[in-house]
Number of protein chains: 2
Amino acid sequence: MLPGEKDCSKAMLSIKDALEALEGRWKLLILYALCSGPMRFSEIARAVPGITDKTLTKELKALQAGKLIRRTVYDTSPPAVEYTITAHGKSLRNLLHELWRWGLAHRKEVIGK
Amino acid sequence: MLPGEKDCSKAMLSIKDALEALEGRWKLLILYALCSGPMRFSEIARAVPGITDKTLTKELKALQAGKLIRRTVYDTSPPAVEYTITAHGKSLRNLLHELWRWGLAHRKEVIGK
DNA sequence: ATGGTTACTTTCCAAAAGGGAAGTGCTATC
DNA sequence: GATAGCACTTCCCTTTTGGAAAGTAACCAT
């Protein structure tokens, strides 16, 4: 920590916090899927291309811990479990939108014509 | 791939592209540091808290491959190497800003008051 | 001669990510 | 009676990530 870094590293630390909460290639995709409404486990698994059951379970737990989604169990049989995005999770919509636009541009710029 | 998923999964794939290009906890922090102007290797190492030389080297290579930064070598001794953010990299500024704001809110919401 | 700076690379190693496949307990359906 | 769906969990195994520390070649300051 050198002098003169204070303001810069404050923003740096906030960004670091955000990246820690959203780390990995799955969390934002899951949140994006949940933007269109509550979903059950198997629905999310189908909506997020390539994710395995095991990974989905883990990511859902992490998202709950970060208060980005809520888990509701309905006492039916077989039990139904619904995942809903929280207000805090919804506040990522702008970011998701930016990511979507940037991903499009990036594909044009780098991946191919 | 089920019917009815087309539009949704298109956005999903764009977001996936973006996440792939920006994966890991370091790339966005490095880009944030470079937003304030070109920097040399050791300057970036100092600006990004916690990163090691090895990791920095690797991430810089990935960022170059993704056309997000440019590497310029000055033939002095000892050699000076400068990293500059490209226009494509600069197009992430909104995203970085969103991340910064969201990180602040997240800390208040989850990590503690 | 010694030590420092620059921009890395290399080696070793531990931890985490994550895929595949199978299992679980219950129920609804054919 | 067999199969399928639900929401997971468990096991096994490979790959990836990434830290710590040392090395390197060239040069400069003391």
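Chain A is the first sequence line, chain B the second, and so forth, proteins listed ahead of strands; every chain is numbered from 1.
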Starting from [atom2] on [N], measure out to [atom1] on [X] and report it in whole angstrom.
X      : N       : atom1 : atom2 : value
I44(B) : dA7(C)  : CD1   : C1'   : 11 Å
E43(B) : dT6(C)  : CD    : P     : 9 Å
L29(B) : dG18(D) : CG    : P     : 12 Å
M39(B) : dA7(C)  : CE    : C1'   : 16 Å
K27(A) : dA16(C) : NZ    : P     : 14 Å
E59(A) : dA17(C) : CD    : C1'   : 9 Å
L19(A) : dT17(D) : CG    : C1'   : 16 Å
L56(A) : dT9(D)  : CG    : P     : 11 Å

**Report entry** Short N-O contact, K16(A) and E20(A), less than 4.0 angstrom
**Finding:** no
Between [Y] and [X], is there a side-chain heavy-atom distance shorter than 4.5 Å?
X      : Y      : answer
R40(A) : V81(A) : no
L22(B) : L92(B) : yes
L34(A) : T84(A) : no

Query - OP1 or OP2 of dT6(C) under 4.0 Å from side-chain N/O of R40(B) - result: no
Query raised in the report: Out of dT17(D), dT9(C), dC6(D), which has the shortest distance to the side chain of K61(B)?
Result: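 Of the candidates, dT9(C) comes closest.
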Report summary line: Closest non-hydrogen contact found for C35(B) with R93(B) is O-NH2, 3.6 Å
Requested in this report: Keeping to residues at least two apart or across chains, list the side chain to side chain donor-acceptor pair (under 3.5 Å) pairs with something in residues 64-76 of chain A.
Outcome: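 For residues 64-76 of chain A, and leaving out neighbouring residues, the side chain to side chain donor-acceptor pair (under 3.5 Å) pairs sorted by first residue read Y74(A)-E82(A).
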Requested in this report: For A45(A), report the nucleic acid contact type (base, sugar-phosphate, nothing); a contact means any heavy atom under 4.0 Å.
Outcome: nothing
Query raised in the report: Quick one: does T86(B)'s side chain have a donor or acceptor within less than 3.5 Å of a partner on L68(B)'s backbone?
Result: yes
Query - Sidechain-backbone polar pair: T55(B) side chain, I51(B) backbone, donor-acceptor under 3.5 Å - result: no
Query raised in the report: Using the benzene-type ring in the case of Trp, are the ring centres of W102(A) and H97(A) under 6.0 Å apart?
Result: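 W102(A) vs H97(A): aromatic centres not under 6.0 Å.
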Report task. Would you jot down, in residue-number order, the residues of residues 65-75 of chain B having a non-hydrogen atom under 4.0 Å from DNA chain D? Result -> none
Polar atom pairs (N or O), protein with nucleotides 19-29 of chain D, under 3.5 Å:
| residue | atom | partner | partner atom | Å |
| --- | --- | --- | --- | --- |
| dG19(D) | OP2 | T52(B) | OG1 | 3.1 |
| dG19(D) | OP2 | T55(B) | OG1 | 3.1 |
| dG19(D) | O6 | K54(B) | NZ | 2.3 |

